[in-house]
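In what follows, a single structure is set out as structure tokens and then discussed.
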Amino acid sequence: MTDAPNGPRDVTVIQHPLVQHKLTLMRQKATSTGEFRRLAREISLLMAYELTRDLPLETAAIETPLEPMQAPILSGKKLCIVSILRAGDGLMEGMLDLVPSARVGHIGLYRDPETLVPVEYYLKLPDDVSERLVIVVDPMLATGHSAAAALARLKQAGAEQLRFACLLAAPQGVDVVTSAHPDVPVFTCSVDRELDEHAYIRPGLGDAGDRLYGTK
């Protein structure tokens, strides 16, 4: 796990060999929908391991089969994972495999075709989101405008501890999010070369939502 080359210090590229291997398989054009979905679930579980490595711990008195002991457990409220619809669900499910007690939120955004500004159409969050570490997930950080808008909306709803996780990022998207939200750490598996004229990440992996759900 390293800081992005020549990037802000709060952008972390997860370079675990299994993460990078599975990402390569996801990038391949020939990878089927079912395989893509399975890989997304597996890679997101590994990402969650990195995202949660600094969670606070406390001790509790327990009984092992042999004797009592003081053992470490998570301290305070559990996580909240917020999926940016619809593709974010492909990452959220794997993270829930690792942290099944986490609360779940959803935010839906679409881009106004005339103004190109993200417009919110759905928001559902736990009531106590202000007391939880919130991990916002979306496979692709392309232009960064939707991610920045989602983070702003979550702050408005009371979220104070935020992290953003994606499979791939473009340099433009990283700049937009870290400029708008310098307090939010970004975790990604790769910062790719560029955005093309259609706002696709290059070399990328195509449209993550379509590949997850078999749509076009």
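Note: hydrogens, waters and symmetry copies are ignored here, and every other heavy atom, side chains too, is used.
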Identify every side-chain donor-acceptor pair in residues 94-107 under 3.5 Å, counting partners at least two apart or on other chains, and give the distances.
| unit_1 | atom_1 | unit_2 | atom_2 | d |
| --- | --- | --- | --- | --- |
| Asp97 | OD1 | Arg41 | NH2 | 3.2 |
| Asp97 | OD2 | Arg41 | NE | 2.8 |
| Arg103 | NH1 | Ser101 | O | 3.1 |
| His106 | NE2 | Asp89 | OD1 | 3.2 |

Which donor-acceptor pairs under 3.5 Å do the side chains of residues 156-168 make with protein atoms, sequence neighbours left out?
| unit_1 | atom_1 | unit_2 | atom_2 | d |
| --- | --- | --- | --- | --- |
| Arg163 | NH1 | Leu51 | O | 2.5 |
| Arg163 | NH1 | Asp54 | OD1 | 3.0 |
| Arg163 | NH2 | Asp54 | OD1 | 3.2 |
| Arg163 | NH2 | Asp54 | OD2 | 3.0 |

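How far CD of Gln172 is from CG of Leu195: 4.0 Å, rounded to the nearest 0.5 Å. For the atom pair Leu154 CG and Ser130 OG, the distance stands at 12.0 Å (nearest 0.5 Å). Within the model, atoms CG of Leu23 and CD of Gln28 stand 10.5 Å from one another, a figure rounded to the nearest 0.5 Å. Atom CG of Leu133 and atom SG of Cys80 lie 9.0 Å apart (nearest 0.5 Å). Rounding to the nearest 0.5 angstrom, the gap separating the CG atom in Leu91 from the OG atom in Ser83 is 8.0 Å.
In this structure, Tyr121 and Leu85 have side chains that are in contact, with non-hydrogen atoms separated by less than 4.5 Å. Val136 is not listed as a side-chain neighbour of Ile81, based on a closest heavy-atom distance of 4.5 Å or more. The closest side-chain heavy-atom distance from Arg193 to Pro203 is below 4.5 Å. Residues Leu39 and Ile43 form no side-chain contact, since every pair of their non-hydrogen atoms from C-beta on lies 4.5 Å or further apart. Counting only heavy atoms from C-beta outward, the side chains of Leu123 and Arg153 approach each other to under 4.5 Å. Using a 4.5 Å cut-off on side-chain heavy atoms (C-beta onward), Tyr200 and Asp207 make contact.
Shortest non-hydrogen contact noted between Ala142 and Ala199 is CB-O, 3.8 Å. Across every non-hydrogen atom of Ala87 and Leu212, the tightest pair is O-CD1, 3.6 Å. Residues Gly206 and Met140 come closest through the heavy atom pair O-CE, 3.8 Å. Summarising the geometry of Ser44 relative to Gly90, their closest heavy-atom pair is OG-O, 4.2 Å, with the distance given to 0.1 Å. In terms of heavy atoms, Cys189 sits closest to Val19 at SG-CG1, 3.5 Å. Nearest heavy-atom pair across Ala149 and Leu109 is CB-CD1, 4.4 Å.
Within the 3.5 Å criterion, the main-chain N or O of Asp183 finds no donor-acceptor partner in the side chain of His181. In this structure a side-chain-to-backbone donor-acceptor pair under 3.5 Å is present from Ser32 to Glu35. No side-chain donor-acceptor contact under 3.5 Å links Thr59 to the backbone of Gln70. A donor-acceptor contact shorter than 3.5 Å is absent between the side chain of Ser75 and the backbone of Leu57. A donor-acceptor contact shorter than 3.5 Å links the side chain of Arg132 to the backbone of Lys78. Side-chain atoms of Asp192 do not come within 3.5 Å of backbone N or O of Ala170 as any donor-acceptor pair. In this structure, the side chain of Thr188 does not engage the main chain of Val191 through any donor-acceptor pair within 3.5 Å. Gln20 places a side-chain N or O within 3.5 Å of a backbone atom of Ile14 that can act as its donor or acceptor partner.
A salt bridge links Glu42 with Lys22; the closest basic N to acidic carboxylate O contact falls under 4.0 Å. Remark: Arg86 engages Asp210 in a salt bridge, criterion side-chain N to carboxylate O under 4.0 Å. A salt bridge links Asp128 and Lys77; the closest N-O separation between the charged side-chain nitrogens and carboxylate oxygens is under 4.0 Å.
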Derivation of the side-chain contact (heavy atoms from CB on, under 4.5 Å) call for Asp10 and Val186: CA-CA 6 Å; Asp10 58 354; Val186 174; 5.9 Å; no
Evaluation steps, side-chain contact (heavy atoms from CB on, under 4.5 Å), between Val82 and Val137: CA-CA 6 Å; Val82 175; Val137 294; over 6 Å; no
Stepwise side-chain contact (heavy atoms from CB on, under 4.5 Å) test for Thr143 and Val176: CA-CA 7 Å; Thr143 66; Val176 166; over 6 Å; no
Check against side-chain contact (heavy atoms from CB on, under 4.5 Å), Val184 and Val177: CA-CA 8 Å; Val184 178; Val177 169; 5.6 Å; no
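Judged purely by distance below 3.5 Å, without hydrogens or angles, the side chains of Arg27 and Ser190 pair a donor atom with an acceptor atom.
More than 12 heavy-atom neighbours from other residues, nucleotides or ligands sit within 6.0 angstrom of OH on Tyr213.
Cluster annotation: Leu74 is not connected to Met69 through the hydrophobic network of ILVMFWY side chains, with a link wherever side-chain heavy atoms come within less than 4.5 Å.
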